[in-house]
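One structure is given below, encoded as structure tokens.
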Number of protein chains: 2
Amino acid sequence: MHSSLLDRLQARGYRLTAQRRVIAQVLEGENVHLTADEVLEKAQALLPEISRATVYSTLQRFSEMGEVRELSLDGRSKRYDPNVVPAHHHLVCDGCGAVFDVAHGIEAPALPTAERRGMMITSAEVVYRGTCAGCT
Amino acid sequence: MHSSLLDRLQARGYRLTAQRRVIAQVLEGENVHLTADEVLEKAQALLPEISRATVYSTLQRFSEMGEVRELSLDGRSKRYDPNVVPAHHHLVCDGCGAVFDVAHGIEAPALPTAERRGMMITSAEVVYRGTCAGCT
DNA sequence: CTTGCTGCAAAGCTTTTGCATTCCT
DNA sequence: AGGAATGCAAAAGCTTTGCAGCAAG
């Protein structure tokens with residue numbers, strides 16, 4: 001089976017702390033993508049003394065490691081997507097900002113070389129938008 | 001020819017002020033997409049007494065009118081895209097956050113009904129990412 | 001032991017808001 | 001004249017940072 005996020009943390013020489021264990025657990029237990037504040041809230045339910053700064057820095061660390069994807073889809077908060085692989089697109093509710101995964105298999109169209117402005121393209125994500133049932 | 005943004009403002013009953021004229025001018029004069037702060041800076045060069053609050057509320061107004069598109073592509077600032085029509089995608093530099101338009105003609109793949117979670121899809125934008133020359 | 005991690009609180013940045021004043025129409 | 005738009009300054013989110021103490025390896 002796959003090695004867990006925690007195993008990979010350790011393999012890279014990062015320390016394994018109760019806080020990181022809890023944050024990893026919170027992320028993996030969710031099928032929607034949480035904001036940092038929501039991660040804090042759920043983590044505090046499991047480990048009351050965890051701090052906001054730790055949640056933010058840990059999410060940043062996980063993101064730099066490529067273990068979590070940071071999404072900026074509305075002007076409010078970033079959201080954290082624990083499903084880095086396989087690559088997939090997102091469906092966003094313009095009302096509440098909720099983000100849903102779109103099953104993989106859909107491929108974004110390639111960007112013609114003439115349009116690349118000399119950049120090497122590292123990702124191509126499609127963002128679908130609409131309004132969810134709860135937001136009428 | 002097309003009616004200008006200012007004509008459309010007036011047609012909808014909005015007042016035509018020096019501030020709005022300057023903001024429209026700043027937006028239309030750019031081929032990259034500016035943040036609110038950059039709009040303020042350029043607007044102040046033309047009309048020194050314009051305030052930050054006015055820039056923000058005007059951009060919000062233009063966006064509600066559908067005259068400008070609000071983009072949230074990184075966790076920093078929103079950017080404002082004056083080219084609402086034709087629809088087009090964007091190329092983002094992960095280093096500096098700069099946003100370039102991708103020529104229209106590229107179509108995002110449709111989202112299968114099974115994946116829509118009951119939502120009516122109102123838009124599908126592709127975001128290409130890479131690192132621009134200046135960000136090495 | 002050593003160095004990295006945590007918690008706290010303060011600061012930073014972007015954006016919004018309340019209210020008196022100004023000025024389009 | 002009348003109501004909308006502006007400017008100012010304060011406040012409100014979200015996120016980052018500095019630093020002393022704690023703990024994983």
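In what follows, every chain begins at residue 1, and chains take the letters A, B, ... in the order their sequences are listed. Just so it is clear, the values below take in all heavy atoms, side chains as well, and ignore hydrogens, waters and symmetry mates. Because the structure is a prediction, the values reported are computed rather than measured.
Between B/Q60 and C/dT15, a side-chain N or O to OP1/OP2 separation shorter than 4.0 Å is absent. Distances shorter than 4.0 Å separate none of the side-chain N or O atoms of B/Q19 from OP1 or OP2 on C/dC23. Phosphate contact (OP1/OP2 of C/dT6, side-chain N/O of A/T17, threshold under 4.0 Å): present. For the OP1/OP2 pair of D/dT15 and a distance below 4.0 Å, the side-chain nitrogens and oxygens of A/Y56 include at least one atom meeting the criterion. Between A/K78 and C/dT14, a side-chain N or O to OP1/OP2 separation shorter than 4.0 Å is absent.
Listed candidates were D/dG25, D/dT6, D/dA9. Nearest to the side chain of A/L16 is D/dG25. Comparing atom distances between the A/S77 side chain and each of D/dC14, D/dG7, C/dG7 picks out D/dC14 as nearest. Among the nucleotides D/dG7, C/dG7, D/dG25, the one closest to the side chain of A/A53 is C/dG7.
The separation between A/R61 atom CZ and C/dC5 atom P is 5 Å, rounded to whole Å. The CZ-P distance, from B/R52 to C/dT17, rounds to 16 Å in whole Å. Counting to the nearest Å, the C1' atom of C/dC5 and the CD1 atom of A/I23 are 11 Å from each other. The CD-P distance, from A/E64 to C/dG4, rounds to 15 Å in whole Å. Rounded to whole angstrom, the span from the CG atom of B/D74 across to the P atom of C/dC13 amounts to 15 Å. As rounded to whole Å, 10 Å separates atom P of D/dT15 from atom CZ of A/R79. Counting to the nearest Å, the C1' atom of D/dA23 and the CG atom of A/L47 are 14 Å from each other. Separating the CG atom of B/L40 from the C1' atom of C/dT14 is a distance of 12 Å, rounded to the nearest angstrom.
Between B/E125 and B/R69, at least one side-chain nitrogen of the basic residue sits less than 4.0 Å from a carboxylate oxygen of the acidic one, meeting the salt-bridge criterion. The pair A/R79-A/E38 meets the salt-bridge criterion, with a side-chain N (NZ, NE, NH1 or NH2) lying under 4.0 Å from an Asp/Glu carboxylate O.
Among the heavy atoms of the strands lying under 4.0 Å from A/R20 are primed sugar atoms or P, OP1, OP2 only; no base atom is included.
The minimum heavy-atom distance linking A/L91 with B/E115 is given by the pair CD2-O, 3.6 Å. The heavy-atom pair separating B/R20 from B/F62 by the smallest distance is O-CZ, 4.2 Å.
Between B/Y80 and B/Q10, the residue anchored closer to the 5' end of DNA chain C is B/Y80, taking for each the nucleotide with the nearest heavy atom. For the pair B/G75 and B/R15, both in contact range of DNA chain D, the more 5′-proximal nearest nucleotide belongs to B/R15.
In this pair, A/Y128 and A/H89 present their aromatic rings perpendicular. The plane angle is above 60°, beyond the 30 to 60° band.
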